[in-house]
There are 2 protein chains.
Amino acid sequence: MPDAFDLESFLPYRLNRAAELISLSFSREYKQRFQMTRPEWRALAALGSVGSMTATEIGTHSNMHKTKVSRAVAALEERRWLKRRENETDRRVEHLELTAAGQKAYREIADLAHTYQATLEKALGTGAIERIEAGLADVERALLAKRR
Amino acid sequence: MPDAFDLESFLPYRLNRAAELISLSFSREYKQRFQMTRPEWRALAALGSVGSMTATEIGTHSNMHKTKVSRAVAALEERRWLKRRENETDRRVEHLELTAAGQKAYREIADLAHTYQATLEKALGTGAIERIEAGLADVERALLAKRR
DNA sequence: AATCGACGGTTACACTTGCAACCATCTCGA
DNA sequence: TCGAGATGGTTGCAAGTGTAACCGTCGATT
């Protein structure tokens with residue numbers, strides 16, 4: 001059966017398979033220690049590294065749907081890892097920032113992530129990750145340009 | 001605030017963001033035309049390109065959980081795009097293959113995928129996709145080795 | 001032949017998710 | 001100043017998902 005199309009070299013497929021695999025692999029590292037979903041961890045990371053953001057900013061930054069962000073933020077707040085601060089001039093907006101406990105958690109997980117990536121870098125050889133990420137950046141750029 | 005960890009260069013995050021983006025982008029191409037979920041499309045593609053597989057084989061091939069495969073297969077069968085053929089010597093196993101209608105659908109979507117990838121290749125430059133996929137393969141290899 | 005564990009596949013249940021509809025607030029123009 | 005539309009954020013609902021428990025079948029050991 002002659003076949004012009006090979007699933008194995010179809011980029012969306014390959015990208016998803018790799019992403020799911022690595023996601024699973026890393027989540028094993030923190031799911032147990034901290035009881036946290038991936039959107040929560042993303043929001044935490046965004047806030048931890050940037051400092052203070054609105055929900056919308058978190059969404060665009062990490063490409064998460066606003067309902068996902070909303071729920072993640074609610075969960076982090078529930079856990080007292082984050083607090084909302086209202087905007088003076090626009091009362092729709094809420095500035096979000098980590099509490100002391102939130103920053104502590106962030107540092108711990110960031111540390112975990114750091115060593116995880118280091119292990120990976122060692123297994124793949126120097127520069128490999130940078131090359132992959134450069135490729136991913138190109139893909140994202142192309143797709144976002146296409147969207148218009 | 002000195003920060004040893006940068007989310008933006010954390011591979012699991014980057015991989016997931018890119019994967020979600022491209023998935024969304026491509027699904028827009030077929031979600032409307034065919035009413036099909038991603039697992040169904042994956043199963044269809046696997047069967048279409050390989051010819052005949054068992055559910056377990058589809059699962060390992062495309063890294064899908066067996067319940068996902070089970071449901072996708074049931075849906076495709078419901079639509080009469082696939083039929084099950086029982087194994088002579090082991091009655092637990094079912095060989096799955098596409099019906100004529102299923103093959104027709106497969107060819108259409110494969111075509112869509114093909115032109116999609118061609119557009120992407122043009123936007124990214126020759127060889128870019130191959131390079132990315134080679135990198136992904138390395139990552140997957142490293143992760144699967146780690147798992148043991 | 002009876003038993004035990006492994007395996008292919010399905011199902012029940014709880015949880016996560018995306019979409020659409022929604023509320024409150026803001027902005028802009030008539 | 002009023003109304004129409006845009007925007008930040010939340011929620012109801014339907015659909016998708018993973019975990020675990022399950023059913024039937026197989027292979028090996030006894």
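All values derive from a computational prediction rather than experimental measurement. Residue numbering restarts at 1 for every chain, and letters A, B, ... go by the order of the sequence lines.
- Between Lys66(B) and Arg92(A), it is Lys66(B) whose nearest contact on DNA chain C lies nearer the 5' terminus.
- In this structure, Met64(A) atom CE and dT10(D) atom P are separated by 13 Å, rounded to whole Å.
- Nearest heavy atom pair, residue Gln117(B) against residue Ser9(A), reads NE2-O, 2.7 Å.
- Rounded to an integer number of Å, the gap from CD of Glu20(B) to C1' of dT16(C) is 13 Å.
- When distances run from any side-chain atom of Ala55(A) to the nucleotides dG9(D), dC26(D), dT11(C), the shortest one goes to dG9(D).
- The CZ-P distance, from Arg85(B) to dG8(C), rounds to 17 Å in whole Å.
- Spacing between atom CD of Gln35(B) and atom C1' of dG16(D) amounts to 14 Å, rounded to whole angstrom units.
- Counting non-hydrogen atoms under 4.0 angstrom, Arg84(A) reaches the backbone sugars and phosphates but no base.
- At dG18(C), one or more side-chain N or O atoms of Lys68(A) fall inside 4.0 Å of OP1 or OP2 (strictly under the cut-off).
- The nearest whole Å value for the distance from the NZ atom in Lys31(A) to the C1' atom in dT16(C) is 11 Å.
- The number of heavy atoms from other shown groups lying within 6.0 Å of CZ (Arg33(B)) does not exceed 12.
- Nearest heavy-atom pair across Arg80(A) and Thr99(A) is O-OG1, 2.9 Å.
- In the set dC26(D), dC26(C), dT11(C), the nucleotide with an atom closest to the side chain of Ser70(B) is dT11(C).
- In this structure, Glu94(B) atom CD and dT25(D) atom C1' are separated by 12 Å, rounded to whole Å.
- Using a 4.0 Å heavy-atom criterion, one finds that Thr56(A) contacts the sugar-phosphate atoms exclusively.
- No contact: Ser27(B) has no heavy atom under 4.0 Å from any strand.
- Straight-line distance from the CZ atom of Arg38(A) to the P atom of dT17(C): 7 Å, rounded to whole Å.
- Using modelled atom types, one finds no donor on one side chain facing an acceptor on the other under 3.5 Å when comparing Tyr13(A) with Ser62(B).
- Around the NZ atom of Lys83(A), the shell of radius 6.0 Å holds more than 12 heavy atoms that belong to other residues, nucleotides or ligands.
- One atom, CG of Asn87(A), and another, C1' of dC26(C), lie 11 Å apart when rounded to the nearest Å.
- Nearest nucleotide to the side chain of Arg91(B), out of dT10(D), dG9(C), dC26(D): dC26(D).
- Side chain Arg71(B) to base dG18(D): a donor-acceptor pair is found below 3.5 Å.
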